[in-house]
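For reference, the structure discussed in these notes is given below.
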Amino acid sequence: MQIDFAPSRQSTLGVEWELALVNARTGELVSVANDVLKGVAANHPDLNEDDEHPHIKRELLLNTVELVTGICETVKDAKEDLGRSLAAVREVTDPMGVEVFCAGSHPFSPPLLQPVTDKERYAKLIERTQWWGRQMVIYGVHVHVGIDRRDKVLPILDGLVNYFPHFQALSASSPYWAGEETGYASQRALMFQQLPTAGLPFQFETWEAYESYVQDMFTTGVIDSTSEIRWDIRPVSNLGTIEMRICDGLATLEEVGAIAALTQCLVDEFSSTLDAGGSIPTMPPWHVQENKWRAARYGMEAIIILDAEGNEQLVTEHLAETVARLEPVAEKLGCSEELADVLKIVERGASYQRQRRVAAEHNGDLQAVVMDLVQQMRKGPDA
C-alpha cells in the first residue's frame, strides 16, 4: 500500500480545541451542538444554515463543538484564529443560557447519558466499541505541525514520543469521572486508549513499514480509513503534518498557546537536527508506556524516564530544562512568549490540581469546579 505524504511548509501550525457545552446555571452537559452550529452558520455571511462552518465543527457527542484553525505561521496567529471562533460560538450560546469550558472530562455528568452525533462514522464507532465507546465523554487539544519531507515524519514522531509525559502532565485535567475522584491526574488518557487503534503509536524504522502496517489494518478490517488510526501522535499524510493528540482539554487560550508552542518548537528542533544529518534518540516501548502511565497517574509529580539508559527526573524539572533549551527555536518561530507560558502552567498548577483545589474549597462540590472552569475560559487561568 502506498501512502503519499503531501509535504507542508516546515513548522506551519494548526490547532483543534474541543469544547464542552454546559447549562450556565447547573454546569450539566447539554446536548445542543446542532443548535449551536446552526446558529453559527446563520451568523456567517457566506453560509447557509445547513452548511458547516470552516472553523467550528461537530464532534462525537452532541455536547461538544470543536474549534479548528486554518494553516497558521505562528502560535499567535493560531490563538487569534481560535479566539475568533470562540467569539462566534458565544454569540450563539450566550442567549441560549449555555456556557463552554474545556477539560479532559466533565467532572460529574453521567457519560452513558450523552447522545451521539448523527453521523455514520460515529454510529459505527459506538456499534463496534459498545460500553467503552459510550464512555468517551472526553475533550482534548490536538496540534498539527507541518513537515517538509516525508522521511522526517517517523523520526520526528519518535522524538515527540520521548516528550509524551511532559505534554500529559501539563495538560492533565480529568481527575473526576461521573462524579468520582479517580486518583489520576488524567483519567482521559487511560480511557481513550481503550478504543481500537488508539493509544501510543508504534515506532517504525521506515515509511514502508508504516505503509505495511496500514495495509494490514485495512486487510483485516480493523479500519476503513487512515483517520481511524487514533494514536496519541500520528502522521496525517493528506495534510502534510504530524499531529500531537496527547493532551487533555486545556481550559484557556493561554494554555492552548503554551502547548502549541512547545509542540512547534520540538518539531522544528527535530527537523533541524535531521537536516543537519543528525539522529533523534528513541526509547524502548516499555519505557514510553511506563511514562504515559506515570504522567496520567501523577501529573506534575511524575518522575519520568528520560532515555534508553533508564535515567529519571521529575517532569517539571525536565520541562524547565527543555524550555530553556528551546528558547532560540522559539525566538526564530516567533513564539517566545507562548513557550514561556509553559512555565506558568507549572507555577500555577495544571488544571487537575486547580480543580482539586476548587473542590476542596467547596466541600467537594463538583458543580463549583465546572463553574470555575467556565470562568477560566472567559477570563483566563487566573480568574
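Just so we're clear, the structure is a prediction, and the values are computed from it rather than from any experiment.
Considering only heavy atoms from C-beta on, Leu86 comes within 4.5 Å of Leu19 through its side chain. For the pair Thr219 and Met1, the minimum side-chain heavy-atom distance is 4.5 Å or more. In this structure, Ile156 and Phe270 have side chains that are in contact, with non-hydrogen atoms separated by less than 4.5 Å. Counting heavy atoms from C-beta outward, Tyr139 and Arg188 have side chains that stay 4.5 Å or more apart. Proximity of Met283 to Asn291: side-chain heavy atoms (C-beta onward) are separated by under 4.5 Å at one or more points.
In this model, no donor atom of one side chain and acceptor atom of the other lie less than 3.5 Å apart for Glu338 and Gln264. No hydrogens or angles considered: a donor-acceptor pair under 3.5 Å links the side chains of Glu211 and Trp207. When only modelled atom types and interatomic distance are considered, Glu28 and Ser109 share a side-chain donor-acceptor pair under 3.5 Å. No hydrogens or angles considered: nothing links the side chains of Thr69 and Asp81 as a donor-acceptor pair under 3.5 Å. Using modelled atom types and a 3.5 Å distance limit, the side chains of Gln355 and Ser351 yield a donor-acceptor pair.
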* **Verdict with supporting geometry, Glu181 and Arg356, salt bridge (Lys or Arg N to Asp or Glu O under 4.0 Å)** => CA-CA 9 Å; Glu181 164 64 78; Arg356 284 175 174 158; 2.9 Å; yes

* **Verdict with reasoning, Asp275 to Lys152, per salt bridge (Lys or Arg N to Asp or Glu O under 4.0 Å)** => CA-CA 9 Å; Asp275 285 340; Lys152 292 182 180 179; 2.9 Å; yes

* To do: Evaluate the side-chain hydrogen bond (donor to acceptor under 3.5 Å, both in side chains) criterion for residues Gln187 and Ser105: first the C-alpha distance (whole Å), next the side-chain angles of each, then the deciding distance (0.1 Å), finally the verdict.
  => CA-CA 8 Å; Gln187 160 77 355; Ser105 63; over 6 Å; no

* Evaluate the salt bridge (Lys or Arg N to Asp or Glu O under 4.0 Å) criterion for residues Glu254 and Arg348: first the C-alpha distance (whole Å), next the side-chain angles of each, then the deciding distance (0.1 Å), finally the verdict. => CA-CA 12 Å; Glu254 179 185 295; Arg348 185 185 296 121; 3.0 Å; yes

* Might you work through the ring pair (Phe, Tyr, Trp, His ring centres under 6.0 Å) test for His106 and Phe108, ending with a clear yes or no? => CA-CA 6 Å; His106 189 284; Phe108 62 85; 4.6 Å; yes

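We find that Glu52 and Lys57 are joined by a salt bridge, their nearest charged nitrogen and carboxylate oxygen being less than 4.0 Å apart.
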